[in-house]
Amino acid sequence: QVQLVESGGGLVQAGGSLRLSCAASGRTFSSYAVGWLRQTPGKEREVVTGISWTGRTTYYADSVKGRFTISRDDAKNTVYLQMNSLKPEDTAVYYCAATRFVVVVDNSTVWDYWGQGTQVTVSS
């Protein structure tokens, strides 16, 4: 089992950057694929990006390609989401999620563990 805690959210102007962190507990974190999902009121939660448990494959939603970068540091049990060139439409609650031994993350991945979420607000 793994517990996830997000941090790094906040308020930023359009065009700015934020880096979210997802810190995990558990000695087997390196065996988990990790994703970042976001949700706004009235909309379904969407997968923004994900990284396989090996770190070799990544997935990005079309809306964030070229702007967001996911990375993982298994020595620190942490996954990062670097968000650049932020837009007002990126405003959402961002959730970190994990599932074990997934080698290809996409928008159909089923996530077993969730963090509590962190708010990202991009002002125009």
Side-chain angles (χ1 to χ4, degrees):
Q1 193 168 3
V2 63
Q3 293 181 326
L4 307 171
V5 178
E6 303 96 334
S7 61
L11 174 64
V12 65
Q13 288 188 332
S17 298
L18 282 175
R19 188 176 80 158
L20 305 184
S21 298
C22 173
S25 64
R27 293 175 292 178
T28 60
F29 178 67
S30 60
S31 65
Y32 285 83
V34 178
W36 286 96
L37 298 87
R38 66 187 181 188
Q39 188 168 27
T40 55
K43 292 187 178 181
E44 291 188 1
R45 196 172 294 184
E46 64 168 337
V47 179
V48 175
T49 180
I51 188 166
S52 66
W53 73 278
T54 63
R56 294 174 185 159
T57 61
T58 56
Y59 166 84
Y60 293 94
D62 288 343
S63 58
V64 305
K65 282 181 181 177
R67 301 188 298 121
F68 290 12
T69 303
I70 189 171
S71 61
R72 65 187 301 156
D73 185 340
D74 289 337
K76 296 182 178 179
N77 274 13
T78 303
V79 169
Y80 303 99
L81 177 59
Q82 178 66 43
M83 304 186 295
N84 299 327
S85 302
L86 283 161
K87 304 175 181 179
E89 51 264 43
D90 294 318
T91 295
V93 177
Y94 283 71
Y95 297 90
C96 174
T99 188
R100 209 165 182 194
F101 292 135
V102 169
V103 296
V104 178
V105 174
D106 59 27
N107 57 11
S108 67
T109 299
V110 177
W111 303 98
D112 296 320
Y113 302 99
W114 294 83
Q116 82 288 350
T118 185
Q119 177 71 46
V120 171
T121 303
V122 185
S123 63
S124 57

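Keep in mind that this is a model prediction, so the values were computed, not measured.
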From CA spacing to verdict: side chain to side chain contact (heavy atoms under 4.5 Å, CB included), Cys96, Val34: CA-CA 7 Å; Cys96 174; Val34 178; 3.8 Å; yes
Could you grab the distance from atom [atom1] of [X] to atom [atom2] of [Y], nearest 0.5 Å is fine?
| X | Y | atom1 | atom2 | answer |
| --- | --- | --- | --- | --- |
| Thr49 | Phe68 | OG1 | CZ | 9.0 Å |
| Tyr94 | Leu81 | OH | CG | 7.5 Å |
| Asn77 | Ser30 | CG | OG | 8.0 Å |

Sole residue of Thr69, Val12, Leu18 in side-chain contact (heavy atoms from CB on, under 4.5 Å) with Met83: Leu18
Glu6 side chain vs Gly117 backbone, donor-acceptor pair below 3.5 Å: yes
Trp111 six-ring face occupied by Arg45 cation (under 6.0 Å, within 45°): no
Cation-pi, Phe29 ring and Arg72 (6.0 angstrom, 45 degrees):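 Ring-cation test returns yes.
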Determine all donor-acceptor pairs shorter than 3.5 Å in which one atom belongs to a side chain in residues 85-93; sequence neighbours excluded.
residue : atom : partner : partner atom : Å
Asp90   : OD1  : Arg38   : NH1          : 2.9
Asp90   : OD1  : Arg67   : NH2          : 3.0
Asp90   : OD2  : Arg67   : NH1          : 2.7
Asp90   : OD2  : Arg67   : NH2          : 3.4
Asp90   : OD2  : Lys87   : N            : 2.8
Thr91   : OG1  : Pro88   : O            : 2.9
Thr91   : OG1  : Val122  : N            : 2.9
Thr91   : OG1  : Val122  : O            : 3.4

Inter- and intrachain pairs under disulfide bond (SG atoms under 2.5 Å apart), touching residues 60-90, at least two apart: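 Checked against disulfide bond (SG atoms under 2.5 Å apart) - neighbours excluded - no pair reaches residues 60-90.
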Side-chain donor/acceptor pairs under 3.5 Å, residues 100-107, sequence neighbours excluded:
residue : atom : partner : partner atom : Å
Arg100  : NE   : Ser31   : OG           : 2.9
Asp106  : OD1  : Ser108  : N            : 2.8
Asp106  : OD1  : Ser108  : OG           : 2.6
Asp106  : OD1  : Thr109  : N            : 3.4

Neighbour count above 12 (heavy atom, 6.0 Å) for Gln3 CD: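 No, not enclosed.
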hydrophobic_cluster_shared for Trp53 and Trp114, side chain cutoff 4.5 Å: no
